[in-house]
Q: 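Encoded as structure tokens, here's the structure I'll be asking about.
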Amino acid sequence: MLALIKNINLGLAFFLELALLASFGYWGFTTNWGTIARFGLGLGIPVLVAIIWGCFEAPRANWPLPEPWHLLLKLALFGLGVVALFVAGRRELSITFAVIFIINTILAYVWAQ
């Protein structure tokens, strides 16, 4: 049973990473900076975050960071994602996103995932 819960936690981590990209995209597309800026931010920021994640945070990252830098970068990226949702007017969603991320991250570190 515990193995199933651990696998669910790993799957949830993947969906949280996708939600992180979506949060930046949502923020970018809802800014009031004009059409070109909205498209630039809505597409560019998620791509930039995906590149950073792939280089430093992903399980098969080219340049994996040692602890505590790995955790600090992860907290910074997800913290910015929460702020992006909050600033975009999705306050309840940002709080929910933050709580699920915190629980998922604590369980991942307790279970050494």
Q: Between Leu71 and Trp69, is there shared hydrophobic-cluster membership here, with clusters defined by ILVMFWY side-chain heavy atoms closer than 4.5 Å?
A: yes
Q: Would you mind listing every ring pair (Phe, Tyr, Trp, His ring centres under 6.0 Å) that reaches into residues 47-67, with sequence neighbours excluded?
A: Trp53-Phe78
Q: Rounded to the nearest 0.5 Å, what separation is found between the CG atom of Leu48 and the CG atom of Leu41?
A: 11.0 Å
Q: Tabulate below the donor-acceptor pairs under 3.5 Å that side-chain atoms of residues 18-27 make, not counting sequence neighbours, or state none.
A:
residue	atom	partner	partner atom	Å
Ser23	OG	Leu20	O	2.6

Q: Can you give each donor-acceptor pair under 3.5 Å made by side-chain atoms of residues 106-113, sequence neighbours left out, with the distance rounded to 0.1 Å?
A:
residue	atom	partner	partner atom	Å
Tyr109	OH	Glu67	OE1	3.4
Tyr109	OH	Glu67	OE2	3.0
Gln113	OE1	Asn9	ND2	2.8
Gln113	NE2	Lys6	O	2.8

Q: For the atom pair CD1 (Ile45) and OG1 (Thr31), what is the distance rounded to the nearest 0.5 Å?
A: 10.0 Å
Q: Would Glu57 and Ile52 satisfy side-chain contact (heavy atoms from CB on, under 4.5 Å), going step by step from the backbone distance to the final call?
A: CA-CA 7 Å; Glu57 290 290 319; Ile52 292 169; 5.8 Å; no
Q: First locate atom CD1 of Ile100, then atom OG1 of Thr105, and finally report the distance between them rounded to the nearest 0.5 Å.
A: 11.5 Å
Q: Which value, rounded to the nearest 0.5 Å, describes the distance between Ile102 atom CD1 and Leu16 atom CG?
A: 11.0 Å
Q: Apart from Phe29 itself, which Ile, Leu, Val, Met, Phe, Trp or Tyr residues share its cluster (side-chain heavy atoms under 4.5 Å, direct or through members)?
A: Phe39, Leu43
Q: A quick test of your reading: do over 12 heavy atoms of other residues, nucleotides or ligands sit less than 6.0 Å from CD1 of Ile5?
A: yes
Q: Extract all donor-acceptor atom pairs below 3.5 Å that involve side chains of residues 80-99 and protein atoms in other chains or at least two apart in sequence.
A:
residue	atom	partner	partner atom	Å
Ser94	OG	Arg91	O	2.7
Thr96	OG1	Glu92	O	2.9

Q: List for me each residue that meets side-chain hydrogen bond (donor to acceptor under 3.5 Å, both in side chains) alongside Glu17, sequence neighbours excluded, and say none if there are none.
A: none
Q: Considering only residues two or more places apart or on different chains, which pairs with a residue in residues 36-45 satisfy side-chain hydrogen bond (donor to acceptor under 3.5 Å, both in side chains)?
A: none
